[in-house]
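Here the structure comes first, spelled out in structure tokens, and everything after it is commentary.
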Amino acid sequence: MKCEYCGYEIPEGMLYCESCGREVRIVPDYNPLEDMLTEQIRGAINGEESFDDYIDYDSIRNTRPGRGGTGRSTSRDMRGAGRSTVRDMGQGTVRGTSRDMGGASRSTSRDMGGVSRSTSRDMRGAGRSTSRDMRGGVSRNTGNRRGTGTENMAERDRKRRQAERKKAKRRKRTGCLFILLLIIAAFAGGGVFLYRNTYVGIVSRGNQALKAGELNRAIDCFESAIRKDESKKEAYAGLAKVYIAKNDLDWAESIFQEAVKKQPKNADIYQVYVEFYMDTDQKEKIPLLLEDVDAAVSERLAGYIVAGPQFSLDDNETYEDVQELSLKTEDGYTIFYTDDGTDATIHSKEYTEPIQLGEGTNEISALSVDQKGVPGLPVKKSYTVELPIVDPPAVAPSTGQYSQAVQIEIKVPEGYTAYYTMNGEEPTTASAKYTGPIDMPEGETLFKAVLVNGKGRTSGVTTRNYVLEAE
């Protein structure tokens with residue numbers, strides 16, 4: 001359908017022209033002026049005095065809904081025109097009516113002096129002419145008001161289109177928001193998946209399995225995490241807890257041993273290794289673990305490295321009489337020691353008073369234990385006590401030639417035993433033991449004697465040369 005004003009092709013369903021903005025006329029406009037003029041003219045001919053209320057102006061006003069101000073303006077204009085016509089025609093002044101109603105009224109005035117039927121025809125023609133003229137005037141007036149209504153319609157349509165655009169924007173924003181939420185959900189899901197396969201995620205799953213008592217699954221998770229990053233401590237700690245739960249401490253310890261063997265400077269692994277010993281009450285193994293570690297590791301784990309006790313005697317010196325050895329350590333530490341040559345442990349004798357060092361070699365081993373129960377490495381020292389050597393034994397008679405038989409005697413101090421030889425060999429504890437005077441044999445005799453105390457210390461050797469020539 002084309003617009004009757006500008007010829008623009010109007011799409012199906014549109015109520016206004018998109019080119020000129022005017023309203024589409026679905027049915028021809030109803031013009032109540034024609035009926036009103038006809039009735040006014042008829043009333044004038046018949047001599048009716050009152051007919052201005054013949055037309056229901058309210059119904060005229062509401063005849064074309066949607067016109068707004070246009071309908072009301074037309075009714076008022078028509079009502080005014082009707083009254084003016086009635087007044088003029090009631091007075092017989094057809095000429096005045098002609099002036100008000102245009103050229104058509106003058107024609108009607110001349111014809112009214114003739115025959116009624118002719119007058120009627122002329123009046124009908126005049127009415128039609130007047131109607132056309134007034135319709136033209138009213139149309140122009142109504143056109144202006146219609147333009148106003150069209151503008152209102154266009155404004156309403158503009159607002160409607162604006163509301164539709166806003167609604168479309170809201171739908172678009174809603175769609176975009178939905179898509180954004182889907183993207184976020186996808187990223188979140190991907191993030192969860194990626195997290196579960198990271199080192200932290202795998203360790204987390206291992207701890208969850210451990211907590212749930214699923215030990216084999218926990219082992220798989222922790223071993224997988226170690227393969228992903230063997231330098232971090234969390235997986236080792238979790239794996240140790242699993243084997244503690246399985247009561248397999250040796251296997252757990254072997255895992256740590258292999259780890260520190262590969263990474264001797266990794267203080268984190270050493271730390272969980274130490275914590276494993278603490279948790280399993282194997283504290284005596286800690287000093288052995290930290291004995292020769294890297295400087296960075298020892299600095300990191302200084303709290304678990306316990307210094308050994310201090311010895312009051314120098315083990316490089318030889319002592320000629322019995323000694324008392326005192327041990328000293330940090331305040332609050334406990335000392336355990338041995339004196340039989342074995343290494344001290346936390347199960348050895350506790351040091352409470354000085355240790356007596358007797359004659360001979362004394363091997364003392366001692367260690368300190370801190371308040372946490374962590375021991376240090378045992379400190380071992382050896383002390384030698386040598387009592388003064390006695391003089392060689394006194395032997396009588398002295399060296400010489402003898403013509404008569406005499407007896408040889410050895411003076412033996414208390415606590416000693418004498419041993420002797422008569423063939424010139426050095427006497428030992430395996431030689432003849434002196435028990436009393438010895439007869440001097442004939443001929444030449446080289447006699448040697450020695451003293452030995454209860455701890456095996458020997459004195460110097462006394463030598464005598466005897467020659468017995470019997471008469």
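Because the structure is predicted, anything quoted here is derived from the model rather than measured.
- More than 12 non-hydrogen atoms from other residues, nucleotides or ligands lie less than 6.0 angstrom from CD of Glu275.
- Every salt bridge (charged side-chain N to carboxylate O under 4.0 Å, His left out) that Asp157 has, sequence neighbours left out, goes to Arg160, Arg161.
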Taking it one step at a time, do Lys349 and Asp339 satisfy salt bridge (Lys or Arg N to Asp or Glu O under 4.0 Å)? CA-CA 10 Å; Lys349 294 182 292 186; Asp339 57 5; 3.6 Å; yes
Verify salt bridge (Lys or Arg N to Asp or Glu O under 4.0 Å) between Glu253 and Lys285, making sure each step is shown before the conclusion. CA-CA 11 Å; Glu253 186 174 13; Lys285 294 183 178 181; 3.5 Å; yes
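- The pair Lys372-Asp370 meets the salt-bridge criterion, since a charged nitrogen lies less than 4.0 angstrom from a carboxylate oxygen.
- Among pairs with a residue in residues 270-298, those fulfilling ring-ring contact (aromatic ring centres under 6.0 Å, His included) read Phe256-Tyr273, Phe256-Phe276, Tyr273-Tyr277, at least two apart in sequence or across chains.
- Taking a 6.0 Å sphere around CD of Glu317, one finds it holds more than 12 heavy atoms contributed by other residues, nucleotides or ligands.
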Per-pair distances, 0.1 Å, donor-acceptor, side chain in residues 259-269, under 3.5 Å, sequence neighbours excluded:
unit_1, atom_1, unit_2, atom_2, d
Gln263, OE1, Asn266, ND2, 2.9
Gln263, NE2, Glu230, O, 2.8
Asn266, OD1, Asp268, N, 3.1
Asn266, OD1, Ile269, N, 3.3
Asn266, ND2, Ser231, O, 2.9
Asp268, OD1, Arg300, NH1, 3.1
Asp268, OD1, Arg300, NH2, 2.6

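- More than 12 heavy atoms of other residues, nucleotides or ligands sit less than 6.0 Å from atom CG of Asp340.
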Could you go through residues 328-338 and list every donor-acceptor pair under 3.5 Å that involves a side-chain atom there, pairing it with any protein atom two or more places apart or in another chain?
unit_1, atom_1, unit_2, atom_2, d
Thr329, OG1, Ser368, OG, 2.9
Thr338, OG1, Thr342, O, 2.5

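- In this structure, Tyr319 contributes its side chain and Glu386 its backbone to no donor-acceptor pair below 3.5 Å.
- Remark: Lys380 NZ is packed, more than 12 non-hydrogen atoms of other residues, nucleotides or ligands lying under 6.0 Å away.
- In this view, Thr384 satisfies the side chain to side chain donor-acceptor pair (under 3.5 Å) rule with no residue, not counting sequence neighbours.
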Side-chain donor-acceptor pairs of residues 205-215 under 3.5 Å, sequence neighbours excluded:
unit_1, atom_1, unit_2, atom_2, d
Arg205, NE, Arg196, O, 3.3
Arg205, NH2, Arg196, O, 2.9
Asn207, ND2, Val203, O, 3.4
Glu214, OE1, Arg217, NE, 2.5
Glu214, OE1, Arg217, NH2, 2.9

